[in-house]
There are 2 protein chains.
Amino acid sequence: MQLRRSDVVTGALTLLDTEGLDGLTMRKLGAHLGVQAGGIYWHFANKQALLAAMADRIIAPVATEPLPDAPWDAQLTELGQRLRHALLKHRDGARVVAGTYVIEPNTIRAGEQALRILITAGFPADRAAWVMAPVFYYVLGHTIEEQAQHAEGDWTERNSDEADPALQTAMTSMLSAAPSDRFTFGLNLFLDGLRHRLPHSPA
Amino acid sequence: MQLRRSDVVTGALTLLDTEGLDGLTMRKLGAHLGVQAGGIYWHFANKQALLAAMADRIIAPVATEPLPDAPWDAQLTELGQRLRHALLKHRDGARVVAGTYVIEPNTIRAGEQALRILITAGFPADRAAWVMAPVFYYVLGHTIEEQAQHAEGDWTERNSDEADPALQTAMTSMLSAAPSDRFTFGLNLFLDGLRHRLPHSPA
DNA sequence: ACCTGAACACCGTTCAAGT
DNA sequence: ACCTGAACACCGTTCAAGT
């Protein structure tokens with residue numbers, strides 16, 4: 001039976017979870033789908049196009065679920081949290097999304113949601129995207145690192161000697177903290193900046 | 001005459017500028033250095049280690065130059081600006097740094113500078129790193145996109161139809177703006193959040 | 001110590017040819 | 001329309017052997 005474009009994306013995401021991004025090859029994907037590697041190129045022009053489709057699928061839940069009726073800052077926080085959770089659902093999800101310049105439908109929709117929140121809240125339309133981009137970079141950057149989980153011993157090892165105790169405290173408290181706490185902290189840092197530019201919304 | 005570790009890094013950065021990160025292969029680097037590809041492995045355990053050394057070299061100017069005697073927020077801004085400029089000095093510089101979990105000396109030093117600024121300013125030591133990380137993610141994310149310069153027509157093309165004019169304005173103003181203006185704007189957004197948590201420093 | 005030569009085990013992508 | 005088979009032009013990495 002035939003392979004649809006969406007089957008290829010689904011198979012690729014399954015393989016992503018078991019092999020990771022670096023282990024995701026067209027040949028392995030072909031084998032997983034019961035097809036020659038070359039066969040995939042009938043459905044996708046190249047690997048990059050497939051990765052873009054995967055990224056869009058990963059982001060889908062962020063664009064789909066309706067936002068709660070809440071103040072703009074709570075809505076924006078919710079969007080950031082949803083994005084992180086969506087990225088965490090697949091191994092290397094953040095790297096996949098970061099690596100593809102996505103102009104697929106769901107990604108566009110998610111971005112439009114963020115812009116609408118900001119514009120409705122009173123941000124000038126010609127600055128809304130300037131605000132959205134940093135939040136997006138932050139969520140991606142944080143989650144990439146969260147998913148990389150490079151053996152945490154590294155830093156402590158390298159710097160066990162010669163270091164300022166305050167700096168030690170700083171690094172240790174970052175490495176030992178729960179990722180979700182650090183994430184929320186950073187997101188709030190951002191929103192403080194935003195709230196500062198805009199009258200706080202009435203609850 | 002013999003090849004030193006630092007010569008390999010220098011050659012790799014030269015090649016990076018002409019070929020880009022995706023075109024930087026061990027074989028091409030070998031040819032550029034007048035050496036077989038395998039020969040490089042005497043100096044570096046693998047390509048990843050070489051990329052880490054390249055990243056550290058790229059970041060070097062951020063760690064080396066002393067900071068001006070200024071309020072903490074101005075110092076932090078300066079550090080962010082320097083990091084962006086350092087990344088921009090080499091093609092795909094931001095991607096190189098983002099792709100390597102760097103615990104090389106210069107990167108450590110640059111991070112310590114940021115932590116010291118924050119701690120001196122009065123941030124609790126166990127939160128300083130939580131503040132530093134988001135700024136770092138932002139600078140990297142912004143600069144990666146700035147260096148990708150994916151034909152700006154893409155978005156406008158895809159969305160010339162059916163779209164909300166306010167959203168159009170938002171996207172257009174982002175795509176047409178000078179990257180350095182957008183960068184400074186985003187950095188300030190962050191600092192507003194920080195200043196909000198800390199008594200503003202006396203000039 | 002530092003590098004060559006040559007191989008190993010892979011890649012993404014193309015494309016005639018099959019069904 | 002959808003895929004096979006087989007090739008092309010690469011990769012990173014290893015390692016005996018040379019100097």
Side-chain angles (χ1 to χ4, degrees), chain A residues 1-57 91-92 95-102 104 148 150, chain B residues 1-57 91-92 95-102 104 148 150:
Chain A
M1 49 159 238
Q2 304 239 131
L3 216 51
R4 288 163 312 167
R5 230 183 113 90
S6 71
D7 296 330
V8 179
V9 176
T10 305
L13 285 172
T14 305
L15 206 60
L16 179 69
D17 288 332
T18 63
E19 304 280 336
L21 180 56
D22 296 331
L24 178 68
T25 72
M26 298 303 267
R27 283 160 214 265
K28 283 190 204 158
L29 179 54
H32 178 74
L33 296 168
V35 143
Q36 293 292 113
I40 300 169
Y41 288 82
W42 195 90
H43 300 278
F44 290 92
N46 47 45
K47 191 180 182 180
Q48 197 53 41
L50 170 59
L51 286 165
M54 293 167 66
D56 201 55
R57 179 80 77 71
R91 163 122 88 122
D92 292 332
R95 271 175 72 204
V96 170
V97 171
T100 55
Y101 178 54
V102 213
E104 311 293 293
H150 12 64
Chain B
M1 51 161 235
Q2 303 241 131
L3 217 53
R4 289 163 311 166
R5 229 182 114 91
S6 71
D7 296 330
V8 179
V9 176
T10 304
L13 285 172
T14 305
L15 206 61
L16 179 69
D17 288 332
T18 63
E19 304 281 336
L21 180 55
D22 296 331
L24 179 68
T25 71
M26 297 303 266
R27 284 162 214 266
K28 284 190 204 158
L29 179 55
H32 179 73
L33 295 169
V35 144
Q36 292 294 112
I40 300 169
Y41 288 81
W42 195 89
H43 299 277
F44 290 93
N46 48 43
K47 190 180 182 179
Q48 197 53 41
L50 171 58
L51 285 166
M54 292 168 66
D56 199 55
R57 180 93 131 249
R91 164 123 87 122
D92 292 333
R95 272 174 71 206
V96 170
V97 170
T100 54
Y101 179 53
V102 213
E104 311 295 293
H150 15 63

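First the proteins, then the strands, lettered A, B, ... as listed; each starts at 1. Because only heavy atoms are used, hydrogens play no part in the values below, and waters and symmetry mates are left out as well, while side chains stay in. Predicted model only: the values in this text are computed from it and were never measured.
- For the pair A:Phe44 CZ and C:dT14 P, the interatomic distance rounds to 15 Å; values are reported in whole Å.
- In this entry the distance linking CG of A:Asn46 with P of C:dC11 reads 18 Å, nearest Å.
- The stretch residues 2-24 of chain B comes close to DNA chain C through B:Gln2, B:Leu3, each having a heavy atom under 4.0 Å from the strand.
- A search for salt bridge (charged side-chain N to carboxylate O under 4.0 Å, His left out) contacts involving B:Asp17 returns nothing, not counting sequence neighbours.
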What nitrogen or oxygen pairs link the protein and nucleotides 5-10 of chain D at under 3.5 Å?
none

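- Sorted by first and then second residue, the salt bridge (charged side-chain N to carboxylate O under 4.0 Å, His left out) pairs involving residues 35-54 of chain A (not counting sequence neighbours) form an empty list.
- The minimum heavy-atom distance between B:Met54 and B:Val9, with the atom names listed, is CA-CG1, 4.1 Å.
- Atom C1' of C:dA16 sits at a distance of 15 Å from the matching atom of D:dC2, rounded to the whole Å.
- With sequence neighbours left out, A:Ala98 forms a side-chain contact (heavy atoms from CB on, under 4.5 Å) with A:Leu140, A:Ile144.
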With a cut-off of 3.5 Å and sequence neighbours excluded, list every side-chain donor-acceptor pair involving residues 23-39 of chain A.
from: A:Thr25; atom 1: OG1; to: A:Lys28; atom 2: N; distance (Å): 3.1
from: A:Lys28; atom 1: NZ; to: A:Glu19; atom 2: OE1; distance (Å): 3.1
from: A:Lys28; atom 1: NZ; to: A:Gly23; atom 2: O; distance (Å): 3.0

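- Of all the heavy atoms in B:Ala53 and B:Phe44, the pair that sits closest is CB-CE2, 3.8 Å.
- Sorted by first and then second residue, the side-chain hydrogen bond (donor to acceptor under 3.5 Å, both in side chains) pairs with a member in residues 2-15 of chain A read A:Arg4-A:Asp7, A:Thr10-A:Arg57; sequence neighbours excluded.
- Nucleotide D:dT4 holds its C1' atom 15 Å from the CE atom of A:Met26, rounded to whole Å.
- Put simply, CH2 on B:Trp42 is 16 Å from P on D:dT14, counting in whole angstrom units.
- Atom NZ in A:Lys47 sits roughly 17 Å away from atom C1' in C:dT14 (whole-Å rounding).
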Here DNA chain C, pairs taken as Watson-Crick or G-U under 3.5 Å and shown with ( ), [ ] when crossing and | when to another strand, reads ||.|||||...|||||.||
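- Atom CG of A:Leu13 sits about 11.0 Å away from atom OG1 of A:Thr18, to the nearest 0.5 Å.
- For the OP1/OP2 pair of D:dA1 and a distance below 4.0 Å, the side-chain nitrogens and oxygens of A:His43 include no atom meeting the criterion.
- Between A:Leu33 atom CG and D:dT4 atom P the separation is 10 Å, expressed in whole Å.
- Under the rule for a salt bridge (charged side-chain N to carboxylate O under 4.0 Å, His left out), the partners of A:Asp92 that lie at least two apart in sequence or sit in another chain are A:Arg95.
- Note that CG of B:Leu50 and CD of B:Gln48 are 9.5 Å apart. Values are rounded to the nearest 0.5 Å.
- Regarding B:Ile40, its CD1 atom lies at a distance of 12 Å from the P atom of D:dC11, rounded to whole Å.
- Residues B:Tyr41 and B:Asn46 approach most closely at CE2-CA, 3.8 Å, considering heavy atoms.
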